[in-house]
Amino acid sequence: MEIIEIKNLIKKFPVGKGEFVALRGIDLNIGKGEFAGLIGPSGSGKSTLLNIIGSLDSPSDGTVNVLGKSVGALSTREAAQLRKSSLGFIFQSYNLLQVHTVYENVEFPLLLLKYDAEKRKKMVMDALEWVGLTDKVKSKPPQLSGGECQRVAIARAMVKRPSIVLADEPTANLDAKNSHNILQTMENLNKELKTTFLFATHDEKVINYLHRKIFLLDGKVEKDELIRSN
Amino acid sequence: MIRFLIKGLIRDKSRSRLPIIVVAIGVTLTVLMHAYITGFMGDTMEMNARFSYGHVKVMTKAYAADAEMNPNDLALLDVQKLVEDLNQQQPGMEWAPRIQFGGLVDAPDENGETKAQGPAMGIGLDLLSPNTKEIQRLDLNRSIIRGNLPQAPGEALLSENFSQKLGVNPGDDVTLIGSTMNGGMSIYNFTVSGTISFGVDIMDRGSIIVDIEDARMALDMQDGASVILGFLPDGFYDNHDAKQLAIQFNSQQNYDEDEFAPYMEALGQNSMMGTYVQLSEVWSVYISLVFIFAMSLVLWNAGLLGGLRRYGEVGVRLAMGEEKGHVYRSMIIESFFIGLAGSVVGTTFGLFFAWLIQVYGIDISGMMEGASLMMPTVIRTRITPVDFYLGFIPGLFSTVLGTALAGIGIYKRQTARLFKELEA
């Protein structure tokens, strides 16, 4: 079952009086439960593609359907609703709210969904258990290591049980050991919860974990390689 | 969600404590500045009013034409009746007949020969009536340096500097040499009861203060007065009220037939003080506006920077699915409460410092030496009702406006771009 369907996607950015074409006719389908990655050098268009899939940006041409919704046709409110209910994000630099505790950071997406306190508590504790941080609920990000921060970010992305998690260079700031721990955690979550993971990366450590490798170059899909199916 | 935002606000000191301090400082300065301008301008006017001009001044039409010369030959007569009429027409006001004169004060030695002499500016005012308010009006009790106030006819006060220049002490006799109302020579002896210092250079250089009845005797001005000073009921000068009063009074006179008919002039209509009154009205508004504008810019920038500093947080919140409108509204509400807290704290501190300066004053006598305009040597603020809300204009309005503008910047920027910058 395809949950991301992309047809002839073109994305242009205005540059001065001209324009820069970041994506040049992408055709791509991602199925439920995939553990896939967009691989390519800087400027290949992987982050742009991830942003459009995440409804953070809109296509210039072509169609992108995420969970049956056409991203280009969504209003800002509908796009926010899609992100709130079905998408999780993991950033390269974690982007945790520094003055809030681990618990509060992970709880934040559930507050937006207006879940009651009891339900929130259970879901937050479950998420922290998945990433092995139940002993750090009261800690604040400055008190955590880089690996722990990224695990909090994963818990925050996963806590609402999204259909899709989009991760942009999630291990770029981590050492090899922490990178493997993080990737194993995400792989386990992918297996257990059937959450679709889509990475944008050029990090070999990440690439080695991917079940499907989609190589981008100059805004086009150069190669789409299935390593193993889920 | 509200609890989550409040927690963030309280814990993030650079988001709560620092902006509140910045707003509070700005508001404190605004309140203090306004109270200072009001106090300084008002003090100068009130001092001139109490000593020379009154809030309104009644004199003959002829005297008014050359008032700077103190032409006592053109002075008012039948003053008692005129004061009674004025009291009847304007029951709330206080009226104070004064004789302003110039002369030479001669200090004799033990043989009665001239020891020293000096030109003096004289004021005759009611010092000896049981219910006189002139002593309080000129704050004579606190101005005494040596000796005491005149207790009996024939006694006079000399300014301290003048008495030292003449080598005169309380208890010594001095002779006033001047001219009578009718142009004759006047020689009149006084006993110095005490010396005074007003802290006003022009008055302290050489002045003699005597009871008005003594002045009348000395200058042959029975029931006469150079001027009758009028003071408005609430004790503060109001240019509009004073002018209206003068227009109304003058409309009842017939100056074509009698050039000695009483003529009323408001402080703001005086050739010298009028300019000051106009300037003070314009200045206080302009200076306050300029200061409020400057503080508004500072606080607007603080709000703007505060908003921009949270670019990252906004990006995360949008990525998590929070709606832009919700993020924007929460930022505005947050800045409203920061502005409100800062304004309350700033107004409290501003009023406190203004009160301190109102009560204790700032001594600027060193800067006033040789000044010809009668200005106070101690600057005092004056707290007015405006000071209780004035600071909220830059404090609240500018802070919210700054955040609103910063928020619009975020609002209009594409979410993806915000997201990208978040990663940068």
*asked:* What I'd like to find out is whether the side chain of B:R317 reaches to under 4.5 Å of the side chain of B:V314, using heavy atoms alone.
replied: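 The answer is no, as the side chains (C-beta and beyond) never meet within the 4.5 Å cut-off.
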
*Pick one of side chain, backbone, both or neither for A:T101, based on which atoms fall under 4.5 Å of a heavy atom in chain B.*
both

*Could you tell me which portion of A:K114 (side chain, backbone, both or neither) has an atom closer than 4.5 angstrom to a non-hydrogen atom of chain B?*
neither

When you measure from the side chain of [X] to the backbone of [Y], do you find a donor-acceptor pair of N or O atoms at a distance under 3.5 Å?
{"X": "B:E46", "Y": "B:Y237", "answer": "yes"}
{"X": "A:N190", "Y": "A:T195", "answer": "yes"}
{"X": "A:D116", "Y": "A:K119", "answer": "yes"}

Please determine, among [options], the option with the most heavy-atom pairs under 4.5 Å with chain B.
{"options": "A:L82, A:V99, A:L113, A:L97", "answer": "A:V99"}
{"options": "A:R156, A:Q98, A:Q81, A:E107", "answer": "A:R156"}
{"options": "A:L166, A:L112, A:L87", "answer": "A:L112"}

*In plain terms, say whether A:K7 and A:D61 are close enough for a salt bridge, that is, a side-chain N and a carboxylate O under 4.0 Å apart.*
no

